[in-house]
Amino acid sequence: MEAKHPQDSRTVMTDLVLPSETNPLKNLFGGELLARMDRAASIAARRHSRRIVVTVSVNHVAFKKTVPLGSVVTVEASISRAFNSSMEVVIDVWIEDRESGIRSRANDAIYTFVAVDESGSPVPVPPIEPQTDLEKERFDAALRRKQLSLVLAGKMKPQEATELKALFME
Ligand SMILES: CC(=O)SCCNC(=O)CCNC(=O)[C@H](O)C(C)(C)COP(=O)(O)OP(=O)(O)OC[C@H]1O[C@@H](n2cnc3c(N)ncnc32)[C@H](O)[C@@H]1OP(=O)(O)O
C-alpha cells in the first residue's frame, strides 16, 4: 500500500460553545470536548484509511485550559503513525481570543483508531511518511505510546514492550 502523509488526513473542525454544553462554571464539559475530538479523529482516520474506523483507545487527554461559554473552539486532528490496522491520531484544540483573534492551545489528546471491514474485523491501512520535524517526532514516539496502551489494556506483556523499556534505560 502506498504511504500517505499526515497532511492527507488533516481534519479541522471549528464550532462555538453553547449553553447546553457547559458546566455550572459556564465552561465546556470535558465529555463534550472528548466527543468533538472523537469526531475529528474519526474523520482523520477515515481520510487516511478510506475504511470504516472505530475508536479502540483514548491514550492521552490533557485539559490544560478551561473553555468558556461562547468560545470559538477549533479541533485539529491528523494521523501521526499507522501500524497494521491501527492508526494513532494526534489532536490539538485551540481557542480564539474574541478581540485579538489570537489562538491559544486549550487541550491536546491522542486517540487510536482501527480500520475494519463490514463485519468489524481489522483490515490493513497505508503507512505514514512523516515530513516535518514535528511529524517525525510524533511518528517516532507513536510506537512507545502504542506499547504503553497495549500494556495498560493487558494486551502486551511489559517485558515485550521493548521501545517503551528503552525510554527508561536512556
Ligand atoms: C468512532 C467510534 O467512536 S466507534 C465506537 C467505539 N469503538 C468501538 O466500538 C470499538 C470496539 N472494539 C472493537 O470492535 C475491536 O476491539 C477492534 C475491531 C477495535 C479490535 O479488534 P481486536 O480483535 O482486538 O483486534 P486486534 O487485537 O487485531 O487489534 C487490532 C489493532 O488494534 C490495536 N489495539 C488493540 N487494542 C489497543 C489499545 N488498547 N491501544 C492501542 N492499540 C490497540 C492492536 O495492536 C492492533 O493494531 P495493529 O493491527 O495495527 O497491529
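Whatever order the structure lists ligands and atoms in, that order sets their numbers, starting from 1. We're numbering straight along the sequence, starting at 1. Because only heavy atoms are used, hydrogens play no part in the values below, and waters and symmetry mates are left out as well, while side chains stay in.
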Say you draw a straight line from CG of Asp38 to CD1 of Ile91; how long is it, rounded to the nearest 0.5 Å?
-> 7.5 Å

May I ask whether atom 19 (C) of ligand 1 is less than 4.0 Å from at least one protein heavy atom?
-> yes

Please, which pairs that meet side-chain hydrogen bond (donor to acceptor under 3.5 Å, both in side chains) have at least one residue in residues 100-116, sequence neighbours excluded?
-> Asn59-Thr112, His60-Asp108, Lys64-Asp108, Lys65-Ser104, Glu76-Arg103, Asp92-Arg105, Asp97-Ser100

Using a distance threshold of 4.0 Å (strictly less than), state whether atom 40 (N) of ligand 1 has a protein heavy-atom neighbour.
-> yes

Salt-bridge test for Glu88 and Lys146: reply yes if a basic N is under 4.0 Å from a carboxylate O, no otherwise.
-> no

Look up atom 5 (C) of ligand 1 and tell me if a protein heavy atom lies less than 4.0 Å from it?
-> no

Is a side-chain donor or acceptor of Glu135 paired with a backbone partner of Thr132 at a separation under 3.5 angstrom?
-> yes

Is atom 47 (O) of ligand 1 close to the protein, meaning a heavy atom under 4.0 Å from it?
-> yes

For atom 44 (C) of ligand 1, find the nearest protein heavy atom and state the residue, atom name and distance (0.1 Å precision).
-> Lys146 NZ, 3.7 Å

Any nitrogen or oxygen of Thr112, main chain or side chain, under 3.5 Å from a nitrogen or oxygen of ligand 1?
-> no

Identify, for atom 36 (N) of ligand 1, the protein heavy atom at the shortest distance, and state residue, atom and that distance.
-> Lys155 NZ, 2.9 Å

Short side-chain to backbone donor-acceptor contact, His5 and Glu129, under 3.5 Å = yes

Which atoms of ligand 1 are found less than 4.0 Å from any heavy atom of Leu150?
-> 34 (N), 36 (N), 37 (C), 38 (C), 42 (N), 43 (C), 45 (O)

If you scan protein heavy atoms around atom 16 (O) of ligand 1, the nearest is Val56 CG2, 4.5 Å

Residues Ser86 and Val114: closest non-hydrogen pair is CB-CG2, 4.1 Å

Glu118 with Arg51: basic N within carboxylate O range, under 4.0 Å | no

Those atoms of ligand 1 less than 4.0 Å from some heavy atom in Gly120 | 18 (C)

Is it true that a side-chain atom of Lys4 and a backbone atom of Pro126 form a donor plus acceptor pair closer than 3.5 Å?
-> no

Are the side chain of Ser71 and the backbone N or O of Ile95 linked by a donor-acceptor pair below 3.5 Å?
-> no

Kindly identify the option in Val116, Ile43, Thr55 whose heavy atom sits closest to atom 1 (C) of ligand 1.
-> Thr55

Look only at interatomic distance and state if Ser85 has a nitrogen or oxygen under 3.5 Å from any nitrogen or oxygen of ligand 1.
-> yes

Could you list which atoms of ligand 1 come closer than 4.0 Å to a heavy atom of Ser149?
-> 38 (C), 39 (N), 40 (N), 41 (C)

Check Val54 against ligand 1 and report side chain, backbone, both or neither, counting heavy atoms closer than 4.0 Å.
-> both

Considering the heavy atoms of Ser57, write down every atom of ligand 1 situated less than 4.0 Å from one of them.
-> 38 (C), 39 (N), 40 (N)

If you have a sec, work out which protein heavy atom is nearest atom 32 (O) of ligand 1 and how many Å separate them, to one decimal?
-> Val114 CG2, 3.2 Å

Thr14-Thr74 side chain donor-acceptor pair, cut-off 3.5 Å | yes

Heavy-atom distance to atom 50 (O) of ligand 1: which of Pro122, Ser86, Pro124 wins?
-> Ser86

Shortest non-hydrogen contact from Thr162 toward Gln147 = N-OE1, 3.4 Å

Ligand-residue contact atoms, ligand 1 with Ala153, heavy atoms, under 4.0 Å | 39 (N)

